[in-house]
Amino acid sequence: MNLLEARGINKIFGSLTALDAVDLTVREGEFHGLIGPNGSGKTTLLKCIAGAEIPTRGTIRLAGAEITTASVPQRSRAGLSMKFQITAVLPELSVYDNLLLAVQSRESMLGLMLSRSRARLHDRVMQLLARFHLEARADALAQVLSHGEQQWLEIAMALARAPKLLLLDEPTAGMSPQERRATGELLMPIKSSCALLIVEHDLDFIKDICDSLTVMDQGQVVASGATQDVQNSERVREAYLSHA
């Protein structure tokens, strides 16, 4: 079943057409990679889906509900969560408290006022920390984490709302090869509960975890389908070679 459907997405900035009639489908439980040369429109498309940008034309549906012009909070309530490329953890707070705040975002204001949410949500916070190998760093300030650990913390924070679809924009940028491999291993278990749409430049990383790929070039979709089929596409090779 299709979880995300973007149809005929155009995004125009003045005289620049950043996205031109883009179609994208992500199925439930699917890891879908979005790749292409720099400037191909990948991040702009991700922002249109997340609500950071509103398409000039086209429609976006999540789990059957149209979210094309929905606000970011409305999309979050509908089951969408995104981690942008630049880490946005709160450096002066502990790793534990960063994640606790993310988990508490699911609570109503009244619920937060009338309950001891820290004690009640402790197990959930620790489960997420353990999932991303951060339980031993729970009391450390987020600012002392390595770059890779900060990325893992923010992915854990994005998952705190139990989304149906997680959007990741270059989560392995700046990571060592060992951290990239670990990131892939840490992401795989979420497939049972959450689909993933990921923008990445590391093709070895993305082909190892993604079921399907969409390739963009100059604001248009060049190819889309099963990972192995797209890898072997002549059109895809031409798109990359033309920017070499």
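All residue numbers in this chain count up from 1 along the given sequence.
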Worked verdict on L100 versus H122 for side chain to side chain contact (heavy atoms under 4.5 Å, CB included):
CA-CA 8 Å; L100 175 64; H122 175 76; over 6 Å; no
Are F13 and I54 connected in a single hydrophobic cluster, I mean Ile/Leu/Val/Met/Phe/Trp/Tyr linked by side-chain heavy atoms less than 4.5 Å apart?
no
Donor-acceptor pair, distance only, cut-off 3.5 Å: does the side chain of S81 make one with the backbone of L159?
no
Interatomic distance, S40 atom OG to I35 atom CD1 [nearest 0.5 angstrom]:
9.0 Å
The complete set of salt bridge (Lys or Arg N to Asp or Glu O under 4.0 Å) pairs with one or both residues in residues 61-82, sequence neighbours excluded, reads R61-E66
Do L186 and M188 sit in one hydrophobic cluster, given that two such residues count as connected whenever their side-chain heavy atoms are within less than 4.5 Å of each other, even indirectly?
yes
Are any of the side-chain heavy atoms of P55 and T68 separated by less than 4.5 Å?
yes
Could you walk me through whether E149 and V95 pass the side chain to side chain contact (heavy atoms under 4.5 Å, CB included) check?
CA-CA 10 Å; E149 288 173 329; V95 171; over 6 Å; no
So, N10 side chain and A21 main chain: donor-acceptor pair closer than 3.5 Å or not?
yes
With D202, which residues qualify under salt bridge (Lys or Arg N to Asp or Glu O under 4.0 Å), at least two apart?
R180
Roughly how far, to the nearest 0.5 Å, is CD of E170 from NZ of K42?
6.5 Å
With rounding to the nearest 0.5 Å, note down the distance linking OG1 in T214 to CG in L45.
8.5 Å
Which atoms form the tightest heavy-atom contact between L167 and L46, and what is the distance?
CD1-O, 4.0 Å
Check P171 against I198 and note the closest heavy-atom contact, atom names and distance.
CG-CD1, 3.6 Å
Can you check whether L90 reaches L101 side chain to side chain, under 4.5 Å on heavy atoms?
yes
Name all residues meeting the side-chain contact (heavy atoms from CB on, under 4.5 Å) criterion together with S212; count only those two or more places apart in sequence or in a different chain, and write none if there are none.
E30, H32
Can you list the steps and then say if L187 with L168 is a side chain to side chain contact (heavy atoms under 4.5 Å, CB included)?
CA-CA 11 Å; L187 286 172; L168 296 180; 4.0 Å; yes
Approximate separation, where rounding is to 0.5 Å, of E185 CD and D208 CG:
10.5 Å
Under the criterion side chain to side chain contact (heavy atoms under 4.5 Å, CB included), which of L203, I206, L34 is the partner of L213?
I206
The reported gap from CG in L62 to CD1 in I60 (rounded to nearest 0.5 angstrom) is 10.0 Å
Distance-only, no hydrogens or angles: does the D23 side chain make a donor-acceptor pair with backbone N or O of G8 under 3.5 Å?
yes
Just checking, is any N or O donor in the side chain of E200 or T172 under 3.5 Å from an acceptor N or O on the other one?
yes
Closest heavy-atom contact between N98 and A142?
ND2-CB, 3.6 Å
I need the M126 CE to E135 CD distance, nearest 0.5 Å.
6.5 Å
State whether the side chain of H201 and the backbone N or O of N38 hold a donor-acceptor pair below 3.5 Å, judged by distance alone.
no
Do other residues, nucleotides or ligands put more than 12 heavy atoms under 6.0 Å from K47 NZ?
no
Sub-4.5 Å side-chain heavy-atom contact between M216 and L19:
yes
On a heavy-atom basis, which atom in I209 and which in G184 lie closest, and how many Å separate them?
CG2-CA, 4.0 Å
Stepwise, does the side-chain hydrogen bond (donor to acceptor under 3.5 Å, both in side chains) test hold for S94 with R137?
CA-CA 9 Å; S94 70; R137 309 282 269 163; over 6 Å; no
Between I190 and F31, does a side chain to side chain contact (heavy atoms under 4.5 Å, CB included) hold up when you go through it step by step?
CA-CA 10 Å; I190 75 171; F31 279 14; 3.6 Å; yes
Of all heavy-atom pairs linking L141 and P91, the shortest is CB-O, 3.8 Å
Could you go step by step and tell me if K191 and D211 meet the salt bridge (charged side-chain N to carboxylate O under 4.0 Å, His left out) rule?
CA-CA 11 Å; K191 185 178 285 191; D211 308 294; 3.0 Å; yes
Scanning both residues in full, the closest heavy-atom pair of S76 with R161 reads OG-NE, 2.7 Å
